[in-house]
Q: 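So that we are looking at the same thing, I have put the structure below in C-alpha cells.
Heavy atoms only: backbone and side chains are in, while hydrogens, waters and symmetry mates are out. Bear in mind the structure is a predicted one, so any value in this text is a computation, not a measurement. Convention: sequence-line order gives letters A, B, ...; per-chain numbering from 1.
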Amino acid sequence: MKWTYIEDISKFKDKEVELRGWVFTKRSSGKIRFLLIRDGTGIIQGTVFSSKKDDPLFKKFDTLTQESSLIVRGQVREDKRAPGGFELTIRDIEILQIADEYPITPKAHSTPFLMEHRHLWLRSQKQHAILQIRTELIKAIRDFFDGRGFRLLDTPILTPSACEGTTTLFETDYFDQKAFLSQSGQLYNEATAMAFGKVYCFGPTFRAEKSKTRKHLIEFWMVEPEVAFATLEDITELGEDLVVYLIERILEQNKKELEVLERDTKPLERVKKPFPRFTYDEVQKMLKKKGSKMEWGDDLGAPEETLLSEIFDLPVCITHFPAKIKAFYMQPDEKRPELVLGVDMMASEGYGEIIGGGQRIHDLNLLEKKIKEFKLPREDYEWYLDLRKYGSVPHSGFGLGIERTLAWICKIKHIRETLPFPRLLYKIYP
RNA sequence: UCCUCGGUAGCUCAAUCGGCAGAGCGGGUGGCUGUUAACCACUAGGUUGUAGGUUCGAGUCCUACCCGAGGAGCCA
C-alpha cells in the first residue's frame, strides 16, 4: 500500500492508502469512532465503524492517546461532513508509540505555559500555519534576489569587532582572542558587493540588547542586500519591490494558512507601489501635529510608529535622518550635511520598522573622519577603509527583519511565535 | 535597566470582611452509530512560587527574594 501525505490525499479518492502520523484528537460515539490524524502536511479525519462492541480495531483505537504515533491504512472517501472534504475509512491501525499524557490540550493555555512547551506547541495548527508561511517567505526572498541576479554571499557570524556599538554584542572566546556574534553582515556585504556587484546575505543576527517588547528578539534573521553604484533612491525602490513581491507570494501560496490564522487579507492586498515616502523633517512635523512629543533629532518611538500606521494604510518609507541617530557609515546629504541618506520602512497596521538601510559613505577622508568622531578603533576598520582606497563607488543596501515582516503578514501580536525556537530576554529554554 | 500587574489541582481560573481550598477542561471507569474544543454519569487529583513575620486562625495582611506577563527606552 502506498505511503501518502495528507496534503496529497485528494489525488487518491476511493483508493487505499497508508498514512503515517500522530493522533491530533479522537472522539467516540458507541459504534462509530473518529480519529483526527496529522502528519505534518495536514489533518484528516478517519472513521472506524463496527457493529461488534469488542471489535479488535475498537480496542486498538481505545488505547490511543493524543499525539500517539501510528500508521493507519484505509480507503479515501469524499465526504462533505468531514473537515477538509476527505475522510479515511480506517481498516487497520499500527501503533508505533502510545504517547504519555500530552500537556497541550485542545482547551486554553497561557503563553508562558506554551512557551515552556515550545517543542510541542509547534504541532498546534496556528503555530504550524505561521511557520509554514515562514518557510514560504524565506523561499520568496531567495527567489526575489536570485531572480534579479543577486549573489548570495553569506557573511561571518563570528566577528573580530563591533560593527556599531559594543554594549549590545554577545562576546565569546576565539582561541586567545575575543570574538563577537554578528549584529549585521553589512560591512562584509560592502566588500562582497565590490567583488560581485549586487549581493545579499541571509543569516541570524544577535543582539544582547535588554529589550523586552513584542517586537524584539535576541536572535533574529535578517536579509541584507548591498548594491554597488546604487543610490538612496535605488535602494528605497528595491525595498519597495521586495516587500510587494513577498506579500504577493504569501497571498498566493498560503491562503490556507492565512485562513487558519484568521488573517484579514485586505490590508495586505492593498500593499502596492508606490508607498508613501517622506523625509524625516516632514514626518517629524506631521507627527507633532498629531500630538506626538517627538522633537527634531529624536528617533521615532513606539507611539510614533503606531501613529504613522493610523494615518497610512500602506508601509511608509522615511528618508534623510539626522546623522546623530544613525550609524557612522551613513552618507551625508550634500545639501544638508547634518542629515544622512538613510531609509527606514515602517510596516502598516502598527508593526513598525521592518527595513533599515541607506547609502554608505564612499569617500575615504570622510569615512576616516566619522570613525574618529564615533570613537571607533581604527585598526579594526582598516580592511573596511581599503574598500574606499581601491575603486570606491557610491553604494547602498538595507536589512529586512524576517520575523517582524512575518509577524505583520500573519498579524500576530508577538514576534516570539514567528520562529521555531525564539531567543528572548533571559529565556533560552527549550 | 525602569514602571505596572500576576504566581491556588496536569491546564485555565474562582475562593466575599482574615474563618471547612472549589469549578471547568484534561486523566481514569462506564454509556451512546456522524462526532466537529462532541455529549451524559461516576471517579482520582493540593507543600496555594520560596523564606520569614503579624494573628486564636493566613490563599487572603506585612517584609525580602525567585519566576512570569504587559509596557518604556534601543533597534530589524
Q: Does B:C74 have OP1 or OP2 under 4.0 Å away from a side-chain N or O of A:Ser211?
A: no

Q: Could you tell me whether the side chain of A:Glu116 has a donor or acceptor atom within less than 3.5 Å of a complementary atom in the base of B:G68?
A: no

Q: Look at the side-chain N and O atoms of A:Arg416 and state whether any lies under 4.0 Å from the OP1 or OP2 oxygen of B:G68.
A: no

Q: Does the ring of A:Phe34 meet both stacking tests against the six-membered base ring of B:G34: centre distance under 5.5 Å and plane angle under 30°?
A: no

Q: Rounded to the Å, how far apart are A:Arg134 CZ and B:A76 C1'?
A: 13 Å

Q: Using the side chain to side chain donor-acceptor pair (under 3.5 Å) definition, which of the options A:Glu224, A:Arg142, A:Arg151 pairs with A:Tyr200?
A: A:Arg142

Q: Tell me what A:Tyr102 touches on the nucleic acid: a base, only sugar-phosphate, or nothing, going by heavy atoms under 4.0 Å.
A: nothing

Q: Is A:Ser28 touching bases, backbone alone, or none of the nucleic acid, heavy atoms closer than 4.0 Å?
A: base

Q: Could you check whether A:Ser110 gets within reach of a base, just the sugar-phosphate, or nothing at all, counting any heavy atom under 4.0 Å?
A: sugar-phosphate

Q: So, under a plain 3.5 Å distance rule, would you say the side chain of A:Arg27 forms a donor-acceptor pair with the base of B:C32?
A: no

Q: Remember a base hit wins even if backbone is also touched, and classify A:Tyr351 as base, sugar-phosphate or nothing at under 4.0 Å, heavy atoms.
A: nothing

Q: When we call it a touch if two heavy atoms are under 4.0 Å apart, what does A:Pro103 touch: a base, just sugar-phosphate, or nothing?
A: nothing

Q: Between B:U35, B:C74, B:A37, spot the one nearest the side chain of A:Pro106, thanks.
A: B:A37

Q: With a 4.0 Å cut-off on heavy atoms, is A:His117 in touch with a base, just the backbone sugar-phosphate, or nothing at all?
A: nothing

Q: So A:Glu305, base contact, sugar-phosphate only, or nothing? Heavy-atom distance under 4.0 Å.
A: base

Q: Which is true for A:Thr105 with a 4.0 Å heavy-atom rule: it touches a base, it touches only sugar-phosphate, or it touches nothing?
A: sugar-phosphate

Q: Students often get this wrong, so: under 4.0 angstrom with heavy atoms, is A:Asp344 touching a base, only sugar-phosphate, or nothing?
A: nothing

